[in-house]
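Let me begin by presenting the structure, written as structure tokens, before commenting on it.
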Amino acid sequence: MKKTSIAALTAVLAVLPPAAAGAGAQRASAAEAATGTPGGLANPAGPARVRGVDLDTVTIPELQRHMERGSLTSSELTRAYLRRIEAVDPAIGAVLRVSPTALSQAAASDVRHRLGRARGPLDGIPVLLKDNVDTYDMPTTAGSLALAGTPPKKDAELVGRLRAAGAVVLGKTNLSEWANFRAEKPTSGWSAVGGQTNNPYVLDRNPCGSSAGSAAALAASLAQVAIGTETDGSIVCPAGMTGVVGHKPSLGLVSGDGVVPISAEQDTAGPMARNVVDAALTLSVLSGRDLAGGDGGAGLVDAAARPGGLRGKRIGLWRLPSLGAEVDALMTRTAARLRAAGAEVVEVTPPHQERLAELEFPALLSEFHRDVDAYLAKRGGPQGRPRDLAGLVAFNRTHPAERTCFAGQELFEQALAAPPTTDPGYRAMRAELKDLSRRSIDEAMAAHRLDALAAPANPPAWTTDCARGDNDVIPSSTPAAVAGYPSLSVPAGFVGELPVGLLLMAGDHEDGALLSLGAAVERRLGAWRAPRYLPTIRQ
């Protein structure tokens, strides 16, 4: 695939129609003040609508056109989402807290729109942040009581970019505690701070992790977009499991400053949304730069805007039958639909996967010890807050609330004992990981002349069970995650009531081309639908 300008991509995608027509919650006064305010949802537990706008399917460009005409304000939109959080989220547990300044942020955006001074496509758009992204005005906990209380001293760099673009920082979402890097058998979507996040499609099923709250909130239409983070699968698996879009950017495209880490070699924040255009627009703000690429980039963008946008595209399908017969059957149907749209779909198996699986975890242990120590030292905080990984281990041993779902902290303890990142053995391991992961994608794409690799993003959601933990051996995210290459999950369809995503992968910094292809795939598959149970919820 050739690289595509994000600026060109979003300009063209903006004209596209949409693809298809809890425990621990700490609600701030902004949500309470929104209840009963004019302009909110007539029935916030029913269909998600405000002033005739369907929040399930509306895109950011459509919202901006409403705000430019004055037929909808950011204040009304923000109020509608706040009221919906109040009505719907107690059953889901996706939103930890809402910002006490959300409505004042929206009012400021309304002034800019009236004066014709909107700052861009995200001005006035409500955005939720995963609670491992630092905010100076709200706590950032990574789901751990060890970080509860005093907020960080400043925003993460990506939050600064969102605020500068005029986005309404609506609040924080729950996550798998420490981004699922604490216990050997964790339960995704659970944290000591927020309790359990549920899958909005079937409430006793899991939303996958670690960006569980961000994904579940979008599926239930509690915000227009959300920010997740990923080390390996933590954006794309929850997106697939809850039927939304999740983009893991190329490593380094989005700043990790002020984000609670696992590994600087793999960590990245990225956009999550209900459609690809919203994810692309959000990425343009998060990255803060144009990803100008080769001569053919504009052609890929144009293809996404045409009904025949998939014609001639070559997609390599990595079937992964280990995810079950029902998922495999869905992949067969997906391939047939892509072929009917003019794409060439060939079956591939990326090389080197067994070796990647052997090496990744030991490397992450060493990197986590280094990076979490650095974050905690920089974060500081009140007396008694842990300042390093050893302090976190001691904290968990003396706080029973940290062990109410699962007691283990084996990964913390193994990271303490892991070789330092200065060790030659570690360095050789990470070098081999980088080489093999990149070759696994590059060689497959070159051998078959592919525009992208595709694979199922997830199995159908498993039943949440603290005693058993996750059933989450999902290898499709690993090649792009370890290589630092971009990946994108778009809704592929359903197994019963449970969504399954199609994961698309491309080469280094080919984010624009991948989003363009993803928009064409989304238009063809049209798999989004709101959870059916939501209209039956009552306060």
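Residue indices begin at 1 and follow the sequence shown. These numbers come from the heavy atoms of this one structure, side chains and all, not from hydrogens, waters or symmetry mates.
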Is there a side-chain contact between [X] and [Y] (heavy atoms, below 4.5 Å)?
X: Asp328; Y: Arg319; result: yes
X: Val225; Y: Pro271; result: no
X: Leu162; Y: Val285; result: yes
X: Ile227; Y: Leu128; result: no
X: Gln353; Y: Pro475; result: no
X: Val133; Y: Val260; result: no
X: His509; Y: Tyr485; result: no
X: Val236; Y: Leu488; result: no

Could you tell me the separation between the [atom1] atom of [X] and the [atom2] atom of [Y], rounded to the nearest 0.5 Å?
X: Asp267; Y: Leu364; atom1: CG; atom2: CG; result: 8.5 Å
X: Gln196; Y: Thr464; atom1: CD; atom2: OG1; result: 4.5 Å
X: Leu147; Y: Leu392; atom1: CG; atom2: CG; result: 7.0 Å
X: Ile441; Y: Asp508; atom1: CD1; atom2: CG; result: 9.5 Å
X: Glu157; Y: Leu286; atom1: CD; atom2: CG; result: 10.5 Å
X: Leu517; Y: Leu310; atom1: CG; atom2: CG; result: 6.0 Å

Side chains of [X] and [Y]: donor-acceptor distance under 3.5 Å anywhere?
X: Glu522; Y: Asn275; result: no
X: Tyr375; Y: Asp134; result: yes
X: Gln266; Y: Glu360; result: yes
X: Ser214; Y: Thr173; result: yes
X: Lys172; Y: Thr140; result: yes
X: Thr463; Y: Asp204; result: no
X: Ser191; Y: Glu177; result: no
X: Ser210; Y: Lys130; result: yes
X: Asp232; Y: Thr478; result: yes

How close do [X] and [Y] get, heavy atom to heavy atom, and via which atoms?
X: Val500; Y: Pro460; value: CG2-N, 4.3 Å
X: Ile92; Y: Ala220; value: CD1-CB, 3.4 Å
X: Ala455; Y: Met331; value: C-SD, 4.4 Å
X: Asn458; Y: Pro499; value: ND2-O, 3.2 Å
X: Asp56; Y: Asp54; value: N-OD1, 2.9 Å
X: Gly213; Y: Ala94; value: O-CB, 3.5 Å

Legend entry - ring-ring contact (aromatic ring centres under 6.0 Å, His included) contacts touching residues 157-186 (sequence neighbours left out): Trp178-Phe412, Phe181-Phe368
Would you check if the side chain of [X] reaches a backbone N or O of [Y] as a donor-acceptor pair within less than 3.5 Å?
X: Gln409; Y: Arg182; value: no
X: Glu184; Y: Glu410; value: no
X: Thr135; Y: Asp137; value: no
X: Gln224; Y: Leu63; value: no
X: Asp470; Y: Ser188; value: yes
X: Arg163; Y: Val169; value: no
X: Glu510; Y: Met505; value: no
X: Ser234; Y: Thr231; value: no
X: Asp278; Y: Ile60; value: yes
X: Thr242; Y: Pro238; value: yes

Inset, instruction - May I ask you to establish whether Arg529 and Phe494 are in a cation-pi arrangement, using a distance under 6.0 Å from NZ or CZ to the six-membered ring centre and at most 45° from the ring axis? - result: yes
Inset, instruction - From the options Ser487, Ser250, Ser287, select the one residue that forms a side-chain hydrogen bond (donor to acceptor under 3.5 Å, both in side chains) with Asp511. - result: Ser250
Inset, instruction - Using a strict cut-off of less than 4.0 Å between a Lys/Arg side-chain nitrogen and an Asp/Glu carboxylate oxygen, indicate whether Asp131 and Arg97 qualify as a salt bridge. - result: yes
Inset, instruction - For side chain to side chain contact (heavy atoms under 4.5 Å, CB included), just list the numbers for Asp89 and Leu222, CA-CA rounded to whole Å, side-chain angles, deciding distance to a tenth of an Å, and then say yes or no. - result: CA-CA 8 Å; Asp89 193 58; Leu222 306 184; 3.5 Å; yes
Inset, instruction - For Glu326, look at atom CD and say whether over 12 heavy atoms of other residues, nucleotides or ligands are found less than 6.0 Å away. - result: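 Counting other residues, nucleotides and ligands, CD of Glu326 stays at 12 neighbours or fewer.
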Legend entry - Step-by-step side chain to side chain contact (heavy atoms under 4.5 Å, CB included) determination, Arg205 to Leu498: CA-CA 9 Å; Arg205 298 301 179 103; Leu498 299 170; 3.3 Å; yes
Inset, instruction - Take Leu145 and Glu402, measure what side chain to side chain contact (heavy atoms under 4.5 Å, CB included) needs, and give me the verdict at the end. - result: CA-CA 7 Å; Leu145 298 170; Glu402 286 288 344; 3.4 Å; yes
Inset, instruction - Take Asn132 and Thr229 through the test side chain to side chain donor-acceptor pair (under 3.5 Å) and record every step on the way to the result. - result: CA-CA 8 Å; Asn132 61 350; Thr229 67; 3.0 Å; yes
Inset, instruction - Determine, stepwise, if the pair Leu170 / Leu82 fulfils side chain to side chain contact (heavy atoms under 4.5 Å, CB included). - result: CA-CA 8 Å; Leu170 188 63; Leu82 289 169; 3.7 Å; yes
